[in-house]
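In what follows, a single structure is set out as structure tokens and then discussed.
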Number of protein chains: 2
Amino acid sequence: MREDIHTTGVPVLCASCEARHRGICGALNSEQLAALAKSTKRHKAEAGKELVGDSRSVERFSNVLSGVVKLTKTLSDGRQQIVGLQFAPDFLGRPFQSESTLTAEAATDVELCSFPRQTLERMMKEQPNLEHRLLEQKLRELDQARDWMVALGRKTAAEKIASFLLMIARNIDPAVSLEGRGAAFDLPLSRAEIADFLGLTVETVSRQITRLRGEKIIRVENNRHVIIDDMSRLAARAGD
Amino acid sequence: MREDIHTTGVPVLCASCEARHRGICGALNSEQLAALAKSTKRHKAEAGKELVGDSRSVERFSNVLSGVVKLTKTLSDGRQQIVGLQFAPDFLGRPFQSESTLTAEAATDVELCSFPRQTLERMMKEQPNLEHRLLEQKLRELDQARDWMVALGRKTAAEKIASFLLMIARNIDPAVSLEGRGAAFDLPLSRAEIADFLGLTVETVSRQITRLRGEKIIRVENNRHVIIDDMSRLAARAGD
DNA sequence: CGTCACGTTGAACGGGATCAATCCCGGTGG
DNA sequence: CCACCGGGATTGATCCCGTTCAACGTGACG
């Protein structure tokens, strides 16, 4: 399978990179990959590191290679809202706009592959396929954003938590969506971050998780590791 | 100004169409416009008409020429959330996906210019510029969606209403955003729809509007017509 | 050991929801 | 002309979910 992607001439950097088949780099042939790789830099950032600052100019875009990046918006008085989560091999950046309107921060330790904004925008003109991939990625982000708007506006705290756990489970282990079987994973977010994502307070998040634990729907180990014991009952609580 | 758009050979249908300079059709030359115009249909729909049904297949995309379209999502028990509003000359449709995951409905009387999904998707391959326009439109929608996530998750009822009024004012009369001067406009949504947009109840929406009226920040005539008397005080209440 | 960050638990409060009555206004028919 | 109707909007009274404030638990690290 995937014989359409020939690895001859592909930069070593890209050879085993997930962004090359599921991410935007899949739009490029080996020549173009090589050209892009010239100005490309792979690097790690540890949890908590700010990657893109609000209203600061953005000179580089990246692919997320591993870990989770959170996108947040902050009101003047400090209230915060997470408006998106990005998993590998998502593209991180807002093309055609030099100022960022949000903050991107490493939620877990992450690996990134970054390249200059200008390089990407130039390549998009030469290779429409690249712009196509980008469009598809942004359409997915839009779909997700709208799903969360429903959660934020209309779901109860209990439903928000259930939806959140399901969403994480599906992103960590795509098999979950197909089979109704259980799942286990590490939460990429702290309680405070979950609260910022769901428009709740830490206390409410904690109480709702305790509740699900009490009803034997999930188990929690070390605060971060979650095991879903009763997937269908959890899904029933998601509300939609 | 705008001598870059020559009108010779442009289909009559498109000659005075706003979508041709601010909308996606601006990406097309007169030949391509003519080709598209062949399978294009202009029509009106009155307020309340369902344009695109949830989980129904979508065979046509459109440009909004006038009026306002609301995009809604509904939970199984009937709770509803408006996840987007579209004004002229916005593009209406979700490319690369035949099933819609939301409902599009005329909020006011609207005029649309629609064309078959397949035609557009074919043209995008020939004319990358078209895909570029679409990307920009969808990026704008994404930015808006994220702004509203902050409102839904973190703003109080009073702040939500203030932000909503400002947002509508800016969309109806773009001059508002530049100058701080007052504005007057007709609300494109009923109280119930505003509630669905802001994640509130009708009663709360009504009370907050009454409050703003009491504080002489706005005036309201015939329930639908709003005059902003004190723009800066209104902006101060938006919260961000 | 103390400290500090993070999470949990408890008690009281309050903003917005809920339930219910009333108003307002355009339309329709006598 | 007025009487009646129906849908949307407003207003009031009460309730409840999630917040707020506060105390306490737990583990990592000096």
Side-chain angles (χ1 to χ4, degrees), chain A residues 46-49 70 75 77-81 105 107-109 151-165 186-215 218-226 237 239, chain B residues 46-48 70 75 77-81 105 107-108 151-165 186-215 218-226 237 239:
Chain A
E46 59 185 13
K49 178 88 187 299
K70 60 174 183 174
L75 298 178
D77 63 358
R79 279 174 290 173
Q80 244 187 350
Q81 176 67 44
E105 192 181 320
T108 63
D109 293 350
L152 287 171
R154 291 302 185 199
K155 288 190 183 176
T156 65
E159 290 168 333
K160 286 179 180 181
I161 294 288
S163 309
F164 172 74
L165 291 176
D186 280 331
L187 286 175
L189 303 184
S190 69
R191 299 291 186 269
E193 289 171 320
I194 297 174
D196 280 348
F197 188 61
L198 299 177
L200 299 171
T201 57
V202 209
E203 294 91 330
T204 305
V205 170
S206 182
R207 281 188 247 272
Q208 293 300 335
I209 290 181
T210 309
R211 197 139 166 280
L212 287 176
R213 201 145 40 75
E215 304 184 51
I218 63 171
R219 266 174 296 156
V220 181
E221 290 166 2
N222 308 324
N223 281 341
R224 285 283 188 141
H225 191 71
V226 174
R237 271 152 219 252
Chain B
E46 59 184 13
K70 60 174 183 173
L75 298 178
D77 63 359
R79 280 175 290 174
Q80 244 186 349
Q81 175 69 43
E105 192 180 319
T108 63
L152 288 171
R154 291 303 185 199
K155 288 190 182 175
T156 64
E159 290 168 333
K160 287 178 180 180
I161 294 288
S163 309
F164 172 74
L165 291 176
D186 280 332
L187 286 175
L189 304 184
S190 69
R191 299 292 186 269
E193 288 170 320
I194 297 175
D196 280 348
F197 187 61
L198 299 177
L200 299 170
T201 57
V202 209
E203 294 92 330
T204 305
V205 170
S206 180
R207 280 188 249 270
Q208 294 299 337
I209 290 181
T210 309
R211 198 141 165 280
L212 287 176
R213 201 146 42 74
E215 305 184 49
I218 63 171
R219 266 173 298 156
V220 180
E221 289 166 1
N222 308 326
N223 281 343
R224 285 285 188 139
H225 191 71
V226 174
R237 271 151 220 253

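To find a chain, count down the sequence lines: A is the first, B the second, and so on, and within it residues start at 1.
To the nearest angstrom, P of C:dG15 lies 14 Å from NZ of B:Lys160. Atom P of nucleotide C:dT8 and atom CZ of A:Arg213 are separated by 7 Å, given to the nearest angstrom. Atom P of nucleotide C:dC24 and atom CG of B:Asn223 are separated by 11 Å, given to the nearest angstrom. Between the P atom of C:dC13 and the CD atom of A:Glu203 lies a distance of 17 Å, rounded to the nearest Å. If you measure from atom CG of A:Asn222 to atom C1' of C:dC6, you get 13 Å, rounded to the nearest angstrom. Following rounding to the nearest Å, B:Arg224 (CZ) and C:dG26 (P) show an atom-to-atom distance of 14 Å. A straight line from CD of B:Glu221 to C1' of C:dC24 spans 16 Å, rounded to a whole angstrom.
Counting only distance, with no hydrogens or angles, the side chain of A:Thr210 and the backbone of A:Ser206 share a donor-acceptor pair below 3.5 Å. Checked by atom type and distance alone, the side chain of B:Arg191 never pairs as donor or acceptor with a backbone atom of B:Thr204 at under 3.5 Å. A donor-acceptor pair is defined here as one N or O able to donate and one able to accept, closer than 3.5 Å; no such pair exists between the side chain of A:Asp186 and the backbone of A:Pro188. A donor-acceptor pair is defined here as one N or O able to donate and one able to accept, closer than 3.5 Å; no such pair exists between the side chain of B:Arg213 and the backbone of B:Gln208.
Atoms CG and CZ, on B:Leu187 and B:Phe164 in that order, are 6.0 Å from each other to the nearest 0.5 Å.
You can see that DNA chain D meets the heavy atoms of chain A within a 4.0 Å-exclusive cut from D:dG18 to D:dC21, reading 5' to 3'.
The side chain to side chain contact (heavy atoms under 4.5 Å, CB included) test with A:Ile161 is passed by exactly one of A:Leu198, A:Ile218, A:Thr156: A:Leu198.
Along DNA chain D, the nucleotide nearest B:Arg207 and the nucleotide nearest B:Leu189 are compared for position; the residue whose nucleotide lies closer to the 5' end is B:Leu189. Taking the nucleotide of DNA chain C with the nearest heavy atom to each of A:Thr210 and B:Lys155, the more 5' of the two is matched to A:Thr210.
Screening residues 194-205 of chain B for salt bridge (charged side-chain N to carboxylate O under 4.0 Å, His left out), with sequence neighbours left out, gives A:Arg154-B:Asp196.
For the residue pair A:Lys160 and A:Leu152, the shortest heavy atom distance occurs at NZ-O, 3.7 Å.
With salt bridges taken as basic N to acidic carboxylate O contacts below 4.0 Å, one links B:Glu193 and B:Lys70.
Near-neighbour residues of DNA chain C inside residues 193-202 of chain B, defined by a heavy atom below 4.0 Å, number-ordered: B:Gly199, B:Leu200, B:Thr201.
One finds no side-chain N or O of B:Thr204 lying less than 4.0 angstrom from the OP1 or OP2 phosphate oxygen of C:dG16.
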